[in-house]
Amino acid sequence: MRFAFTEDQLAFRDAVRDLLANECPPAVVRAAWEGAGRAPGAWSALAEMGVLGAMAPESAGGLGLSVLDLVLLAEEAGYAALPEPFVEHAMVAVPVLPDPAAAAAGEVTATAAIGAPFVPFGADADLVLLDDDDAVVCTARGGFTARPIDGVDASRRLATVTFDEAEIVGDAGALAAAFDRGALGTAAQLIGVTRRMLDLTVDYVKDREQFGVPIGSFQAVKHHLADARIALEFARPLVYRAAWSLATGDPDAAVHVSMGKSLASDAAELTSTKTLQAHGAMGYSFEYDLHLFMKRAWAWAGSWGDAPWHRARVGRAVL
Amino acid sequence: MRFAFTEDQLAFRDAVRDLLANECPPAVVRAAWEGAGRAPGAWSALAEMGVLGAMAPESAGGLGLSVLDLVLLAEEAGYAALPEPFVEHAMVAVPVLPDPAAAAAGEVTATAAIGAPFVPFGADADLVLLDDDDAVVCTARGGFTARPIDGVDASRRLATVTFDEAEIVGDAGALAAAFDRGALGTAAQLIGVTRRMLDLTVDYVKDREQFGVPIGSFQAVKHHLADARIALEFARPLVYRAAWSLATGDPDAAVHVSMGKSLASDAAELTSTKTLQAHGAMGYSFEYDLHLFMKRAWAWAGSWGDAPWHRARVGRAVL
Amino acid sequence: MDLNFTDTEAQFRAECREWLQANVPTGLPSGDTHEGFALHLEWERTLFDARYAVVSWPEQYGGRGATAMEWLIFEEEYYRAGGPQRVTQNGIFLLAPTVFDFGTDAQKDHILPRMARGDDLWAQGWSEPGAGSDLAGIQSKAVRDETAGGWRLSGQKTWTTRGAFCTHLFGLFRSDPTAERHRGLTYFLVPLDADGVTVRGFGRLDGDEGFAEVFLDDVFVADDAVLGGVDQGWSVAMATAGVERGLTLRSPGRFLAAADRLVDLYRSVGDAADDRLRDDVVKAVIDAEAYRWQTFLTVTRMLEGESTGSESSMTKIFWSEMDVRIHATALGLLGPDAELDGPWMKGYQFALSGPIYAGTNEIQRNVIAERVLGLPRK
Amino acid sequence: MDLNFTDTEAQFRAECREWLQANVPTGLPSGDTHEGFALHLEWERTLFDARYAVVSWPEQYGGRGATAMEWLIFEEEYYRAGGPQRVTQNGIFLLAPTVFDFGTDAQKDHILPRMARGDDLWAQGWSEPGAGSDLAGIQSKAVRDETAGGWRLSGQKTWTTRGAFCTHLFGLFRSDPTAERHRGLTYFLVPLDADGVTVRGFGRLDGDEGFAEVFLDDVFVADDAVLGGVDQGWSVAMATAGVERGLTLRSPGRFLAAADRLVDLYRSVGDAADDRLRDDVVKAVIDAEAYRWQTFLTVTRMLEGESTGSESSMTKIFWSEMDVRIHATALGLLGPDAELDGPWMKGYQFALSGPIYAGTNEIQRNVIAERVLGLPRK
């Protein structure tokens with residue numbers, strides 16, 4: 001038993017962290033809210049670094065890596081609130097596409113939604129993976145119609161997608177596996193965005209003074225943030241463990257994914273409430289960055305199965 | 001619309017409060033845990049004051065009062081954690097007994113349990129009212145067998161009761177009404193015992209010092225007790241309103257009782273947790289009084305329908 | 001005790017219901033946008049013309065002299081009919097009670113009818129960049145100008161709700177620079193079109209331009225812009241901040257209506273198998289009822305002359321946290337659709353402001369502990 | 001990362017499981033009563049004889065030199081088999097790590113084997129009537145007796161778990177009367193049969209005599225009763241109070257077993273229609289798993305030489321509040337039977353002590369905020 005990532009995995013994580021710190025600061029997320037959306041600079045840099053195609057086989061220009069290698073990268077995408085379909089492209093689509101070379105190279109962008117009423121970046125992607133009749137189908141630009149729909153996080157660029165033409169790219173088993181990769185990747189992103197909300201808030205409450213002292217010295221504020229930190233501390237190991245189980249084909253992997261996703265969703269929602277409250281009015285301002293991360297947290301917490309959905313799945317397995 | 005008790009009702013409450021302060025201090029509750037049980041001094045004084053028979057008609061030596069007059073008295077019985085079947089005798093049994101004179105005078109003690117597996121003071125009472133085949137039945141000493149069973153609050157003196165002989169004293173309607181009086185009275189007792197836990201704890205945290213200051217000056221302790229105080233503040237009106245509805249025959253009275261009982265149970269359970277925590281180790285000591293009230297709160301919170309049971313009943317009416 | 005409404009009360013309710021159901025506008029855009037605000041103002045004038053804008057005020061100022069119970073009844077009917085949040089509420093519910101208590105007759109005659117008609121739209125100017133929860137940290141200054149017979153105001157107010165759409169501001173300014181904390185403050189009434197005033201609207205959580213910063217640079221106001229005494233601003237502001245605020249800012253009607261909408265949502269989308277959400281819906285119904293009856297109890301006490309006071313901190317915590325729970329439950333019922341920018345998600349974001357504004361709930365819990373329970377301040 | 005157990009670990013688990021399932025006693029009365037304690041002591045000796053009392057200790061002191069992972073595996077199997085709370089735990093888990101780090105060879109050789117065999121039973125003497133959460137407020141004194149070559153101890157310790165049944169006490173005493181707060185304290189080891197010691201047992205919440213007050217009146221102890229340096233007691237006590245405490249006092253096995261029992265209870269009494277309780281049962285299962293895997297993550301970090309530190313405050317809050325939730329859920333499943341003085345109600349009362357002892361959770365949350373998040377102390 002050794003529960004730790006390899007040096008290589010940590011180094012890859014650090015590289016992605018640095019890349020996103022440079023290419024996807026809050027201003028980029030904010031721009032995605034307002035303008036054309038997405039973060040093309042970060043996206044092409046991730047393609048170049050091999051991240052987008054990491055799960056493709058080397059024969060398709062990928063790195064032949066597994067979800068265990070990707071989970072820390074998804075966490076960083078979450079920390080940055082990267083306005084791109086990171087998990088849907090790199091973790092859901094690439095491993096199931098019959099020919100992932102173009103997606104691996106970042107020449108086309110894929111997105112995905114399984115059992116969900118709308119698709120993030122549905123109008124922006126070249127390929128959309130959907131569930132249809134218990135199979136994974138892939139529809140390509142020109143073969144589908146995407147209608148944008150307003151979500152609480154405008155940088156997710158939701159759309160409803162209907163298709164005229166689609167190719168079956170995976171059977172029921174592949175569908176289930178794709179869903180679990182999506183749920184796992186989203187759980188990892190939730191861990192990341194939870195860390196971000198907490199970091200932002202810790203900095204704020206150390207600095208902001210009321211009654212002549214930093215508000216971070218008040219016990220109520222301390223306890224709000226301690227609660228968030230505890231939730232993060234105990235959600236994270238179950239997400240990493242789920243990655244291991246999926247990567248190694250553990251027969252209980254789906255249950256492990258649900259355990260991780262439910263705690264990650266709960267931690268993110270708790271942290272969004274606690275950090276908003278710790279900020280006071282400042283967090284409630286659109287001009288301040290907290291809401292960018294908070295709304296992403298809400299959206300991800302409900303995507304790929306919300307916490308009650310995943311607990312119900314665990315319940316069917318253990319009760 | 002005038003939501004306030006009459007001067008007479010408040011004066012009666014004050015008299016009972018004084019009586020119980022004298023006759024039922026914590027030492028009496030503690031003695032009931034250890035010795036023969038019950039509080040005979042308080043019980044006969046309550047009989048003498050007319051409280052036990054208050055709901056009997058004047059022709060039977062009672063005062064012809066309603067649950068609206070009794071609700072504040074039950075609250076005081078709760079505050080004192082009176083180790084007697086106050087609600088079962090005065091609010092459940094007396095109004096349904098065909099000849100309540102002896103019970104009204106306190107010559108016999110009645111208890112009751114409807115839809116519950118055991119009876120408080122089951123081995124001590126002269127009369128036991130039970131539900132049987134959708135009716136209220138009354139079994140008298142000699143006609144039933146009571147087997148004591150250990151409850152978490154030893155001063156409740158639980159027993160399972162089986163009877164050889166019993167008289168039907170009420171039909172299905174009377175059974176439903178008796179249950180609602182029991183739930184209402186227990187809700188009022190919960191309000192009282194919640195107040196008591198809070199009073200005891202406020203005194204303690206003002207006095208107890210750690211780190212050179214009273215622990216009541218710490219924000220975490222303040223917030224624990226503020227939460228309990230809020231729960232009490234918003235449970236109480238629904239209990240009083242349920243008393244009005246029962247007393248005036250409102251067709252929705254049962255729903256109103258359930259609303260009051262659910263909030264009163266929740267407030268008592270929250271307050272027991274918060275006050276224990278605010279005490280630190282002291283509250284965990286058997287020699288200190290808090291546990292007497294806390295265990296009574298737990299017992300009453302689960303009696304005559306716990307909070308989820310009553311919410312489910314509200315749900316059937318409103319959803 | 002008599003929990004039946006009197007015939008007068010019942011008749012008043014019937015009148016309100018009939019008129020509101022016939023007149024309440026549906027589908028208004030948010031009052032926190034420029035377009036929406038204008039439409040809301042029309043609705044305010046319709047209310048005024050029917051004498052429903054300020055039912056509890058004396059007739060001479062545009063009201064009906066309704067009792068507190070009748071006012072609660074009006075509010076229940078208003079929200080039951082689907083009436084929108086009142087864009088005039090900060091004037092009517094925060095400033096007006098203070099004007100009634102501390103205003104001169106001239107101030108009352110001038111300010112109140114114009115407020116009721118929506119001619120003057122009042123924004124509150126409590127918070128400053130450095131004074132949020134800590135109101136006594138106010139830095140904005142009022143300097144006496146003897147020559148001109150008035151005051152010169154300078155400083156910055158922020159988090160001013162709907163400040164970009166309002167015509168006037170009320171707030172505290174430091175009139176005695178030598179006094180500390182809550183001493184030496186004066187309560188001023190300031191027209192936002194005065195020379196030296198700059199208003200900059202900014203977005204709140206849901207993106208609407210519901211907030212403004214108000215910059216005051218040597219703004220002259222005459223002596224009659226002072227409400228209550230000079231240097232008495234803190235006690236003037238606090239005198240009406242307690243019960244009145246708890247009661248009038250958030251009447252039970254709003255939450256009864258929200259709980260009703262939640263029940264409707266449960267019936268339309270609720271999966272009967274999910275007892276956890278069902279239980280949460282029932283809790284919301286019970287909480288809204290508890291808030292309603294706690295209010296009737298409190299109003300009865302007030303009407304019978306009992307003082308209430310710091311209990312308003314309990315009220316504020318209860319309604320604000322109930323409102324968050326109601327909306328969170330609705331989002332749970334919506335499942336994946338919760339993410340859409342629909343009315344429940346909008347309402348959730350609005351609800352999240354409740355535990356923050358008008359004194360954070362952390363401060364309110366301190367108040368309960370210290371003033372209701374008597375725990376030591378330090 | 002390799003989340004499979006090694007062959008050695010798996011074999012160790014199989015051995016533990018076989019032996020424990022064959023030997024764990026069932027239906028022992030509470031170890032916090034006189035009768036129960038004696039029976040528990042028999043069980044401790046059985047454990048010792050099979051070398052399962054202290055698996056992680058070196059063989060010379062009665063252990064097997066098991067790795068931290070193996071110790072976790074032993075604990076999982078111990079609780080899975082239904083093993084009772086260890087009455088020796090305060091010695092083994094609180095004192096022993098300190099003896100390993102700070103004891104002289106003579107102290108180790110004398111104290112550890114006797115502790116492992118259950119010859120000496122150690123009670124902790126941290127709290128005093130005036131020093132609960134504020135341990136640095138300790139008043140008990142140690143006065144140097146040069147002539148006799150030792151120390152004279154006086155004062156009162158309280159909340160001493162199982163103090164009435166133990167033979168020895170470890171605790172802090174103020175050896176430098178001029179020093180303040182956490183300075184000038186010394187860590188002493190005191191036999192409870194020494195002249196001048198009076199032990200008074202008293203009941204805890206559930207009525208069992210699980211606590212004691214220990215009065216010390218001029219009790220002489222020799223120099224070798226000092227653990228670590230004179231006046232160094234605070235740092236000696238704190239050095240092993242962090243990770244070790246979080247990890248060793250409450251191993252995941254206990255909560256995995258509790259969650260399993262809850263699942264069994266749900267299956268036996270659970271009404272399939274009540275999804276709220278079902279959801280709470282699932283939450284308990286997930287929480288116990290989270291605690292298990294967080295521990296594996298932490299132990300891996302420790303084994304690879306990373307320092308952990310204040311994270312133990314998170315662990316303490318998590319397990320103690322999880323334990324309360326597990327038991328509260330069980331009481332919900334029991335419905336009206338919850339009130340009976342059965343094992344779940346007993347367990348609930350025991351669980352309620354978790355957020356209080358070993359530093360209240362309020363103090364632990366301060367520690368997390370200040371030491372993990374870096375928020376200002378004042």
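Here the structure is a predicted model, which means the values were calculated and not measured.
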Atom group of A:Leu225 that falls short of 4.5 Å from chain D, counting heavy atoms: both

Check each atom of A:Val202 against the heavy atoms of chain D and say whether the ones under 4.5 Å are side chain, backbone, both or neither. both

Taking every non-hydrogen pair under 4.5 Å, which of D:Leu297, D:Val282, D:Val281 racks up the most with chain A? D:Leu297

Just give me the residue among D:Ile286, D:Leu303, D:Ile368 that pairs up with chain A most often, heavy atom to heavy atom, under 4.5 Å. D:Ile286

Which value, rounded to the nearest 0.5 Å, describes the distance between A:Phe5 atom CZ and D:Met1 atom CE? 3.5 Å

Between D:Leu3 and chain A, with a heavy-atom cut-off of 4.5 Å, which part of the residue counts as in contact: side chain, backbone, both or neither? both

Non-hydrogen atoms of chain A under 4.5 Å away: do they reach the side chain of D:Val372, the backbone, both or neither? side chain

Closest approach of A:Leu263 to D:Ala290 (non-hydrogen atoms, all atoms of both residues): CD1-CB, 3.6 Å

Residues, nucleotides or ligands: over 12 heavy atoms within 6.0 Å of D:Glu18 CD: no

What pairs with D:Phe5 under ring pair (Phe, Tyr, Trp, His ring centres under 6.0 Å), at least two apart in sequence or on another chain? D:Phe296

So between chain D and chain A, what donor-acceptor pairs come in under 3.5 Å?
{"residue": "D:Met1", "atom": "N", "partner": "A:Ala4", "partner atom": "O", "Å": "3.0"}
{"residue": "D:Asp2", "atom": "N", "partner": "A:Arg2", "partner atom": "O", "Å": "2.8"}
{"residue": "D:Asp2", "atom": "O", "partner": "A:Arg2", "partner atom": "N", "Å": "2.8"}
{"residue": "D:Asn4", "atom": "O", "partner": "A:Met1", "partner atom": "N", "Å": "3.1"}
{"residue": "D:Glu9", "atom": "OE1", "partner": "A:Met1", "partner atom": "N", "Å": "3.0"}
{"residue": "D:Arg267", "atom": "NH2", "partner": "A:Val318", "partner atom": "O", "Å": "2.8"}
{"residue": "D:Arg278", "atom": "NH2", "partner": "A:Gly315", "partner atom": "O", "Å": "3.4"}
{"residue": "D:Asp279", "atom": "OD1", "partner": "A:Arg311", "partner atom": "NE", "Å": "2.6"}
{"residue": "D:Asp279", "atom": "OD2", "partner": "A:Arg311", "partner atom": "NE", "Å": "3.3"}
{"residue": "D:Asp279", "atom": "OD2", "partner": "A:Arg311", "partner atom": "NH2", "Å": "2.9"}
{"residue": "D:Glu289", "atom": "OE1", "partner": "A:Arg241", "partner atom": "NH1", "Å": "3.4"}
{"residue": "D:Glu289", "atom": "OE1", "partner": "A:Arg241", "partner atom": "NH2", "Å": "2.7"}
{"residue": "D:Gln294", "atom": "NE2", "partner": "A:Glu233", "partner atom": "OE2", "Å": "2.7"}
{"residue": "D:Thr300", "atom": "OG1", "partner": "A:Phe3", "partner atom": "N", "Å": "3.0"}
{"residue": "D:Glu304", "atom": "OE1", "partner": "A:Arg2", "partner atom": "NH2", "Å": "3.1"}
{"residue": "D:Glu304", "atom": "OE2", "partner": "A:Arg2", "partner atom": "NE", "Å": "2.5"}
{"residue": "D:Glu304", "atom": "OE2", "partner": "A:Arg2", "partner atom": "NH2", "Å": "3.3"}
{"residue": "D:Glu362", "atom": "O", "partner": "A:His223", "partner atom": "NE2", "Å": "3.2"}
{"residue": "D:Arg365", "atom": "NE", "partner": "A:Asp227", "partner atom": "OD1", "Å": "2.7"}
{"residue": "D:Arg365", "atom": "NH2", "partner": "A:Asp227", "partner atom": "OD1", "Å": "3.0"}
{"residue": "D:Asn366", "atom": "OD1", "partner": "A:Gln219", "partner atom": "NE2", "Å": "3.3"}
{"residue": "D:Asn366", "atom": "OD1", "partner": "A:His223", "partner atom": "NE2", "Å": "2.8"}
{"residue": "D:Glu370", "atom": "OE2", "partner": "A:Lys222", "partner atom": "NZ", "Å": "2.6"}
{"residue": "D:Pro376", "atom": "O", "partner": "A:Lys222", "partner atom": "NZ", "Å": "3.1"}
{"residue": "D:Arg377", "atom": "O", "partner": "A:Lys222", "partner atom": "NZ", "Å": "3.0"}

